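Computed from a prediction, not measured in an experiment: that's the story for all the values here.
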Amino acid sequence: MMKADLHVHSTFSDGSQSPGECVLAAARAGLDIISITDHDTSAHVATAIEAGQRYGVKVLAGVEISAVDPQSACKVHILGYGFKKDAAAIEGLCAPLREARHKKSLRCVEILSSLNYPISVDAVLKRARAPAVVYKQHIMDYLTSVGSADGVTGLTYRQLFKNGGPCAADIFYPDCRDAVAAIKMDGGLAFLAHPGQIGSLEQALAITKELLDYGLDGVELNHQDNDAQMRAALMALSSEKGILFSGGSDAHGDFGNEGEIGALLCPDGAVETLLARLNGNVI
C-alpha cells in the first residue's frame, strides 16, 4: 500500500512551510505521495512537483476551494486532485476569492491598528514571507511574534476573528457546485473536504448526495474532524454510491493544531484507486 497525505497547506495559502519544505517533510516521514492543497490557488503546484523530483516523493496536483452550500449556508470546502497544469477553470473561479480575502485581511490589519495593536500592513507582509494573499494566520502569527497574542489559534484569535469579534466579518464564497464543476472542467477529481466540519451529520450527508449529482467523485474519509459516526456513514454511502475516499493530515505547520505532515494518511488502497481514475496523473 502506498502511503499518501493528500491534504497539506503551504506558504502559498495559510501554512507556515514552503512547498519544498512540505515535500521534504513528506520524504522524511516515509511517504510515497503528497498533495499540497492550498486554498483557492494552483500556484504552488509547479514548485511542489520540482521538490518532489528532488526528494523522491510523488506529487499530486491539489487545491482546496473555499465555497458554500447555498441551501444550508454551510461552508463547504472542495478538494481537487490531478487537474490540468493551467487550471484555467479553477483559477477563474478562485481569483476573485483570493482578491476578496486579501482585501479583507488588510482591512483587519487596519482595524487592529485602530484598536492600538502594534501592527501594520508592511510588518505583516514581511512576517508572512510576502504571500500573494494575506490570511488571518499571518496576522495572528505577527501579533504572537510581538507578544500581543497567545498563539495563532489561541484565545486572542477567537476574540478577534470569531463570535462577533472586530475581524469576524466574512467574505463571499462561490457555490460549492461551481467548485466541483471547475475541478472537473480542468480534468481533476473533486472530493468533499472534512465533512465533519459541516454542520450536522445529516447536513453533511445531504450536501454530499447533492454534489454527487454535480460530479463529485469522493469524500475525505480520514480527517481529524470526522468522528466514528461520520466515518461509518460515509463508508455506508460509499458502498451504496461507489464514491472514492481520500485523507490527510490537513497540516498547516506552525499555523495549525492538526499535527505534522503524515500524521494522518489516505485510507489503505484509496490512493491507488484515485490514481487509477486519473490514469496515473502524478509526477
Side-chain angles (χ1 to χ4, degrees), residues 9-19 36-44 63-70 72-78 87 90-176 178-179 182 193-194 197-199 250-258:
H9 296 281
S10 81
T11 50
F12 277 71
S13 65
D14 57 348
S16 68
Q17 296 173 291
S18 70
I36 298 176
T37 53
D38 278 323
H39 292 283
D40 312 315
T41 182
S42 63
H44 56 278
V63 67
E64 182 176 2
I65 299 179
S66 309
V68 68
D69 172 54
S72 66
C74 289
K75 288 184 179 179
V76 177
H77 287 194
I78 305 296
I90 292 170
E91 287 298 312
L93 181 70
C94 291
L97 179 55
R98 293 197 303 269
E99 182 179 0
R101 179 178 282 115
H102 188 65
K103 288 182 177 179
K104 189 252 184 179
S105 294
L106 298 188
R107 176 58 182 152
C108 287
V109 173
E110 294 175 354
I111 291 170
L112 293 173
S113 178
S114 73
L115 295 174
N116 296 319
Y117 281 88
I119 192 170
S120 69
V121 169
D122 287 344
V124 171
L125 286 173
K126 185 179 295 184
R127 178 76 182 181
R129 299 159 76 171
V133 179
V134 170
Y135 283 75
K136 56 190 176 183
Q137 287 85 350
H138 299 130
I139 296 171
M140 291 308 305
D141 181 54
Y142 178 77
L143 290 178
T144 301
S145 74
V146 297
S148 294
D150 59 344
V152 175
T153 58
L155 177 61
T156 307
Y157 163 74
R158 294 191 294 275
Q159 291 173 334
L160 294 177
F161 287 92
K162 300 291 184 181
N163 305 317
C167 297
D170 220 331
I171 61 175
F172 174 81
Y173 295 101
D175 190 316
C176 56
D178 294 334
H194 39 60
Q197 291 184 10
I198 300 174
D250 202 358
H252 289 72
D254 294 335
F255 290 173
N257 300 316
E258 298 84 6

How far does [atom1] of [X] sit from [atom2] of [Y], to the nearest 0.5 angstrom?
| X | Y | atom1 | atom2 | answer |
| --- | --- | --- | --- | --- |
| C167 | I139 | SG | CD1 | 6.5 Å |
| D14 | R101 | CG | CZ | 8.0 Å |
| I171 | E99 | CD1 | CD | 11.0 Å |
| C176 | D69 | SG | CG | 4.5 Å |
| C108 | K103 | SG | NZ | 14.5 Å |
| M140 | F161 | CE | CZ | 6.5 Å |

Using every non-hydrogen atom in the two residues, find where [X] and [Y] come nearest and quote the distance to one decimal.
| X | Y | answer |
| --- | --- | --- |
| K136 | S105 | N-OG, 4.2 Å |
| H102 | V134 | ND1-N, 3.0 Å |
| S10 | S18 | CB-C, 4.0 Å |
| A149 | T144 | CB-OG1, 3.7 Å |
| F255 | T153 | O-CG2, 4.1 Å |
| S16 | D254 | OG-N, 2.7 Å |

Practice problem: Take the angle between the ring planes of Y135 and H138 and call it parallel below 30°, perpendicular above 60°, tilted in between. | Solution: perpendicular

Practice problem: Take the angle between the ring planes of H39 and H77 and call it parallel below 30°, perpendicular above 60°, tilted in between. | Solution: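 Taking H77 first and then H39, their aromatic rings stand perpendicular (interplane angle over 60°).
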
Practice problem: Would you please say whether a donor-acceptor pair under 3.5 Å links the side chains of D38 and T41? | Solution: no

Self-check item: Pairs meeting criterion side chain to side chain donor-acceptor pair (under 3.5 Å) with involvement of residues 108-117, two or more places apart
Solution: R107-E110

Quiz item: With distance as the sole test, does H44 use its side chain to make a donor-acceptor pair with the main-chain N or O of I36 at under 3.5 Å?
Solution: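 Yes, the answer is positive, given that a donor and an acceptor are paired below the 3.5 Å cut-off.
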
Self-check item: Sidechain-backbone polar pair: R98 side chain, V133 backbone, donor-acceptor under 3.5 Å
Solution: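 Checked: no pair found.
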
Quiz item: Is any side-chain heavy atom of E64 less than 4.5 Å from a side-chain heavy atom of D40?
Solution: no

Exercise. Taking the side chain as every heavy atom from C-beta outward, state whether H252 and V152 have any pair of such atoms under 4.5 Å apart.
Key: no

Quiz item: Which is it for S42 and V63 under the side-chain contact (heavy atoms from CB on, under 4.5 Å) test, yes or no, and what are the steps along the way?
Solution: CA-CA 6 Å; S42 63; V63 67; 5.6 Å; no

Self-check item: Pairwise salt bridge (charged side-chain N to carboxylate O under 4.0 Å, His left out) hits with a residue in residues 143-160, at least two apart
Solution: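 Qualifying pairs: none.
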
